[in-house]
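First up is the structure itself, then whatever we jot down about it.
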Amino acid sequence: MDDAAKTGLQFVFPAYLLVLTITFIVFCHYCLKSNSAGHRLNRFSHFIGKRAVSVLATLIYLSYSKLLRTVIQILMYATVLTDNGMSFRVWFYDGTIRYFEGKHLLLFIIAMVTGLFFLFPYTLALTLIPIIDKYSDHNRLFYWLNQKANLLKPMNDAYYVPYKGVWRCWLGVRLWLLFILNVPTPFYSSDRPYLLMYIHSIIMVVFVFVQAHIRPF
């Protein structure tokens with residue numbers, strides 16, 4: 001198994017968790033709404049589904065940073081210079097694979113789909129849901145969005161319970177921090193390798209100081 005196959009397998013477990021989570025949410029939602037379902041089935045689906053979704057949601061959150069690093073790893077490249085002055089790009093983690101060709105093209109597509117349709121919406125949703133909930137009584141659009149967000153209430157409870165009410169959006173801030181620290185890496189020049197480390201250190205010190213000051217938990 002080469003590096004391309006190993007990298008591709010990094011997407012399997014988060015995708016499996018996501019499918020399970022969606023399945024449980026849909027199952028519980030329709031069981032609780034169905035008039036033909038018995039009372040015991042409703043209680044069972046509410047009891048099992050809520051806890052299962054909470055566990056799966058937590059696992060997805062814990063897999064977030066790994067998934068983000070995998071996407072960034074796929075985007076990284078190195079430039080190879082030949083003796084005749086020509087240059088071409090190869091995948092940073094396997095110099096035998098041309099960048100944006102063959103195996104890497106497939107990985108690149110998977111990485112972009114994951115980033116655009118999961119990582120970014122996931123981060124944005126966890127940031128905005130507390131704000132939407134806070135102002136839902138004063139705005140019709142926020143009220144409608146809040147009703148849709150309530151369909152994910154078992155997941156929201158798992159994410160926001162550790163935080164104080166006014167600081168529930170801090171979870172989204174932590175995810176944006178991971179974006180800020182990791183996303184620029186593939187596009188950074190290696191001429192000054194310590195500069196990026198210094199920038200990351202300053203950002204982390206500021207974040208830790210602010211978090212210790214506001215105490216969001």
Side-chain angles (χ1 to χ4, degrees), residues 13-14 17-29 32-33 42-43 45-72 114-185 197-217:
F13 183 63
L17 292 178
L18 186 62
V19 170
L20 281 181
T21 303
I22 293 174
T23 301
F24 271 109
I25 290 175
V26 172
F27 172 76
C28 296
H29 177 69
L32 290 172
K33 277 196 167 185
N42 286 341
R43 290 183 61 187
S45 63
H46 180 75
F47 179 81
I48 298 298
K50 183 176 180 180
R51 285 153 181 77
V53 170
S54 298
V55 172
L56 292 172
T58 303
L59 289 175
I60 290 176
Y61 175 73
L62 295 176
S63 302
Y64 178 91
S65 59
K66 176 61 177 177
L67 197 57
L68 179 61
R69 286 195 299 269
T70 302
V71 170
I72 293 172
T114 302
L116 293 176
F117 295 99
F118 175 69
L119 292 177
F120 181 73
Y122 180 82
T123 307
L124 190 63
L126 291 184
T127 307
L128 295 181
I129 284 177
I131 300 174
I132 292 172
D133 180 61
K134 182 178 180 180
Y135 295 102
S136 60
D137 295 334
H138 308 286
N139 186 286
R140 289 185 178 181
L141 176 60
F142 280 12
Y143 176 80
W144 180 80
L145 291 173
N146 190 51
Q147 294 299 311
K148 299 301 180 182
N150 284 337
L151 297 175
L152 304 176
K153 193 175 186 304
M155 292 184 65
N156 297 339
D157 291 343
Y159 289 137
Y160 298 122
V161 162
Y163 295 89
K164 297 177 183 177
V166 70
W167 290 111
R168 289 194 302 162
C169 61
W170 193 252
L171 174 64
V173 174
R174 293 168 64 93
L175 295 181
W176 285 115
L177 177 67
L178 287 176
F179 255 90
I180 293 172
L181 293 178
N182 289 281
V183 170
T185 303
M197 183 182 68
Y198 293 147
I199 295 174
H200 285 181
S201 299
I202 293 173
I203 293 175
M204 285 301 301
V205 169
V206 172
F207 175 80
V208 171
F209 176 80
V210 172
Q211 181 169 274
H213 178 70
I214 65 175
R215 298 179 181 179
F217 302 103

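Predicted, not measured: the structure shown is a model, and the values here were computed from it.
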Revision key, fill the gap. CG of Leu178 to OH of Tyr64, rounded to nearest 0.5 Å, is 6.5 Å
**Study point:** Of Leu68, Ile180, Leu126, the residue whose pairing with Leu175 passes side chain to side chain contact (heavy atoms under 4.5 Å, CB included)
**Key:** Leu126
Check your understanding: About how many Å separate CG of Leu119 and CG of Leu124, when rounded to the nearest 0.5 Å?
Key -> 12.5 Å
Check your understanding: Which word best sums up how the rings of Phe209 and His213 line up, parallel for under 30°, tilted for 30 to 60°, or perpendicular for over 60°?
Key -> parallel
Check your understanding: Where is the tightest heavy-atom contact between Lys164 and Phe217, given as atom of each residue plus distance?
Key -> CE-O, 3.1 Å
Practice item. Find the distance between CZ (Phe13) and CD1 (Ile60) and round it off to the nearest 0.5 Å. Key: 9.0 Å
Check your understanding: Is there a donor-acceptor pair closer than 3.5 Å between any side-chain N or O of Asn156 and the backbone N or O of Ala149?
Key -> yes
Practice item. Locate the shortest heavy-atom distance separating Arg168 from Asp133; write the atom from each residue and the value. Key: NH2-OD2, 3.0 Å
Check your understanding: Roughly how far apart are Leu177 CG and Asn182 CG, rounded to 0.5 Å?
Key -> 9.0 Å
Check your understanding: Rounded to the nearest 0.5 Å, how far does CG of Leu67 lie from CD1 of Ile72?
Key -> 10.5 Å
Exercise for review: For residues Pro216 and Gln211, report the shortest heavy-atom separation together with the two atoms involved.
Suggested key: CD-O, 3.4 Å
Practice item. Rounded to the nearest 0.5 Å, what's the gap from CD on Gln147 to CG on Leu145? Could you check? Key: 10.0 Å
Study note, to complete from the structure: Heavy atoms of Pro121 and Gly115 approach each other most closely as CD-O, 4.1 Å
Check your understanding: Between Tyr160 and Ile129, is a side-chain contact (heavy atoms from CB on, under 4.5 Å) present by the stated rule, with each step listed?
Key -> CA-CA 10 Å; Tyr160 298 122; Ile129 284 177; 3.6 Å; yes
Practice item. Give me the ring orientation class for Phe207 and Trp170: parallel if the planes are under 30° apart, tilted from 30 to 60°, perpendicular past 60°. Key: parallel
